[in-house]
Amino acid sequence: MKKSTIQFLLSSLAVVATAIGFMAFAPKEEEPIKIGFIPLTDCAPIVMAKELGLYEKYGVNVQLSKEASWANVRDKILTGELSAAHCLYSMPLSVYTGIGGKAGSEMFIAMMLDNNGQAIALSNDFCGKLGFRQTNKVAAAVNAKLKAEKEVTFAITFPGGTHDLWMRNWLAAAGVDQKKVKIITIPPPQMVANMKVGNMDGFCVGEPWPGVAVKQGVGFTEITTQDIWKHHPEKALVANKEFATKDREKLKKVMMAVLEACKWLDNAANRKKAAATIGRGPFVNAPADVIENRMSGTYDLGCNQGQEIYGDDMMQFFRGGQVNYPRKSHAIWALAQYVRFDYLKTPPDYKAIADKLVLQDLYKEVATKMGVKIPNDDMKPFSLTIDKTTFDPNNPSGYLAKK
């Protein structure tokens, strides 16, 4: 081999070795924090925190991930593929108790994202037989359909999730025997399409899908969930176990960004921009006018029922910090519903589960740092709008004895 060729090879090897050495000692770029969301109007705090640059403001690199179903969200949080997600607030309780997943699996409620803003829609088969808030007519309409067709099907989005609980409370208040109807699970964005082809008679889901059902002439709004329980807890920021324990400081920064987005969303002047943003294809992928109307409290009910205007009980994201505080009493209420509706055969250890899964102290740290007032109503008795029964979180057995 010629001397010039040997020199060229040695020179090339030196360049490669230098490059390898540089790569070995160069600092690794930090992995982004992956946060999941489902295409629903109340994913707005997660999405707008990104769109408004709030994650960057608080020093965290967040990547959003659009998910197909709540089961998908559950699996990815448990495996760590998602660090956190926009999630049904009762989903960690359902999974931990073995209703919606492997019993004992831990997902943590860091903070709440919204109150109100879900609805129960019925197919046009019921139009003219009962109308908006006519809960007293539901049983007769359902029984008539059962007699004629032998099966009535309602859809919810996750077993033990919030939509399941709103649906079952509505059926109970209406006097419908839940053993006589079929309740199936459908991912939120697929509700309207499934009702259109006759796969269900009604569904409970978050906006904008009940509004889209009206716009497409597929069904009508029978009742909203704020009619069932004014200011009910709905979605939460739920964290993976490792992220909640080993990356606590990063989670707090994410929470600060989301809390600021919640405040921004409750400024009425911002809702038009929010609706236009989250209505885009990468997010909810639904008409912005439907999102904006229902987010702002203007409900076209369908079935020639005109409009209903909601005021302080429209979808809320902050409400002076009342929305975002994760209350253990609400977790205990959800667990009591699992006993009430036969998901659990024996009462769980209500307080121990709430203490384990609700990161109330973490929220208090974040809220204090942000100057947000912390409500003082947790663990006090409360009632739902639809049945007025008092629920005392210190005595769920007493509540269940009256049911």
Side-chain angles (χ1 to χ4, degrees), residues 74 77-78 84 87-113 115 158-162 164-166 168-169 172 229 231-245 248 251-252 255 321-368 373-384 387-403:
R74 172 201 60 199
I77 289 180
L78 291 177
C87 193
L88 303 162
Y89 100 87
S90 58
M91 208 164 104
L93 307 164
S94 168
V95 172
Y96 186 79
T97 52
I99 297 166
K102 184 181 176 185
S105 300
E106 295 175 352
M107 302 158 66
F108 295 91
I109 301 168
M111 63 181 284
M112 301 302 297
L113 300 178
N115 291 161
F158 189 83
T162 51
D164 189 4
L165 300 183
W166 313 144
R168 290 181 188 277
N169 269 271
W229 179 2
H231 297 328
H232 66 77
E234 184 48 45
K235 300 300 187 303
L237 179 69
V238 168
N240 159 267
K241 183 175 183 177
E242 188 170 338
F243 187 60
T245 52
R248 189 178 171 90
L251 176 55
K252 283 161 62 176
M255 292 167 68
Q322 292 289 321
V323 170
N324 313 101
Y325 182 49
R327 292 167 174 84
K328 293 181 182 180
S329 55
H330 293 168
I332 293 171
W333 179 84
L335 292 166
Q337 302 307 304
Y338 298 162
V339 178
R340 177 186 176 191
F341 295 122
D342 292 329
Y343 273 129
L344 298 178
K345 299 303 177 191
T346 56
D349 190 338
Y350 296 101
K351 187 173 183 306
I353 295 173
D355 286 343
K356 179 186 279 286
L357 300 184
V358 181
L359 304 180
Q360 205 170 70
D361 289 344
L362 184 69
Y363 176 80
K364 286 179 180 175
E365 278 187 54
V366 171
T368 301
K373 188 177 178 182
I374 297 166
N376 62 358
D377 60 352
D378 198 15
M379 298 308 290
K380 293 181 180 175
F382 58 87
S383 297
L384 270 62
D387 67 5
K388 312 295 184 192
T389 305
T390 299
F391 179 78
D392 182 352
N394 298 295
N395 184 20
S397 299
Y399 160 85
L400 289 169
K402 297 175 187 171
K403 290 293 180 185

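The first residue of the sequence shown is numbered 1, and numbering continues consecutively from there.
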Legend entry - Derivation of the side-chain contact (heavy atoms from CB on, under 4.5 Å) call for N169 and R340: CA-CA 10 Å; N169 269 271; R340 177 186 176 191; 3.0 Å; yes
Inset, instruction - Measure the CD-CZ distance between Q337 and R168 for me, rounded to the nearest 0.5 Å. - result: 10.5 Å
Legend entry - Donor-acceptor contact present, side-chain N240 to main-chain A84, <3.5 Å: no
Inset, instruction - Report yes if some heavy atom in the side chain of D164 is under 4.5 Å from a heavy atom in the side chain of F341; otherwise report no. - result: no
Inset, instruction - Compare every heavy atom of P381 with every heavy atom of T390, then report the nearest pair and how far apart it is. - result: CG2-CB, 3.8 Å
Legend entry - Shortest non-hydrogen contact from L400 toward A336: CD2-O, 3.4 Å
Inset, instruction - Drop me the distance from I77's CD1 to R74's CZ, to the nearest 0.5 angstrom. - result: 10.5 Å
Inset, instruction - Measure the OG1-NZ distance between T368 and K373 for me, rounded to the nearest 0.5 Å. - result: 13.0 Å
Legend entry - D392 vs M379 side-chain heavy atoms within contact, under 4.5 Å: no
Legend entry - Euclidean distance, I99 CD1 relative to L335 CG, rounded to 0.5 Å: 8.0 Å
Inset, instruction - With sequence neighbours left out, write down each residue that passes salt bridge (charged side-chain N to carboxylate O under 4.0 Å, His left out) with D387, or none if nothing qualifies. - result: K403
Inset, instruction - Kindly compute the distance separating CG (L251) from CZ (F243), expressed to the nearest 0.5 Å. - result: 5.0 Å
Inset, instruction - For this output row, return yes or no: ring centroids of W333 and H232 closer than 6.0 angstrom. - result: no
Inset, instruction - Using a 4.5 Å cut-off on heavy atoms from C-beta on, say whether the side chain of Q322 contacts that of N115. - result: no
Inset, instruction - Not counting sequence neighbours, which residues clear side chain to side chain contact (heavy atoms under 4.5 Å, CB included) with S105? List them please. - result: L78, V95, K102
Legend entry - Shortest non-hydrogen contact between P92 and I109, atoms and distance: CG-CG1, 3.8 Å
Inset, instruction - Might you point out which heavy atoms bring M112 and A236 nearest each other, and give the distance in Å? - result: SD-CB, 3.9 Å
Inset, instruction - Write down the atom of L88, the atom of G161, and the distance for their closest heavy-atom approach. - result: CD1-CA, 4.0 Å
Inset, instruction - Decide whether D378 and Q360 meet the rule of one side-chain donor and one side-chain acceptor closer than 3.5 Å. - result: yes
Inset, instruction - Quick one: sort the F382 and F391 rings into parallel, tilted or perpendicular, breaks at 30° and 60°. - result: tilted
Inset, instruction - Side-chain contact test, heavy atoms from C-beta onward, threshold under 4.5 Å: evaluate it for V339 versus Y350 and give yes or no. - result: yes
Inset, instruction - Please tell me if the side chains of F108 and L362 come closer than 4.5 Å, counting only heavy atoms from C-beta onward. - result: no
Inset, instruction - Scan for side chain to side chain donor-acceptor pair (under 3.5 Å) pairs involving residues 88-101, sequence neighbours excluded, and state none if there are none. - result: none
Inset, instruction - Mind checking side chain to side chain donor-acceptor pair (under 3.5 Å) for K241 and listing every partner two or more places apart, or none if nothing turns up? - result: E106
Inset, instruction - Could you list the residues that satisfy side chain to side chain donor-acceptor pair (under 3.5 Å) with D355, not counting sequence neighbours? - result: K328, K351
Legend entry - Pairing residues for R327 by the salt bridge (charged side-chain N to carboxylate O under 4.0 Å, His left out) criterion, not counting sequence neighbours: D377
Legend entry - Point-to-point distance, once rounded to the nearest 0.5 Å, from OH of Y363 to CG of L237: 11.5 Å
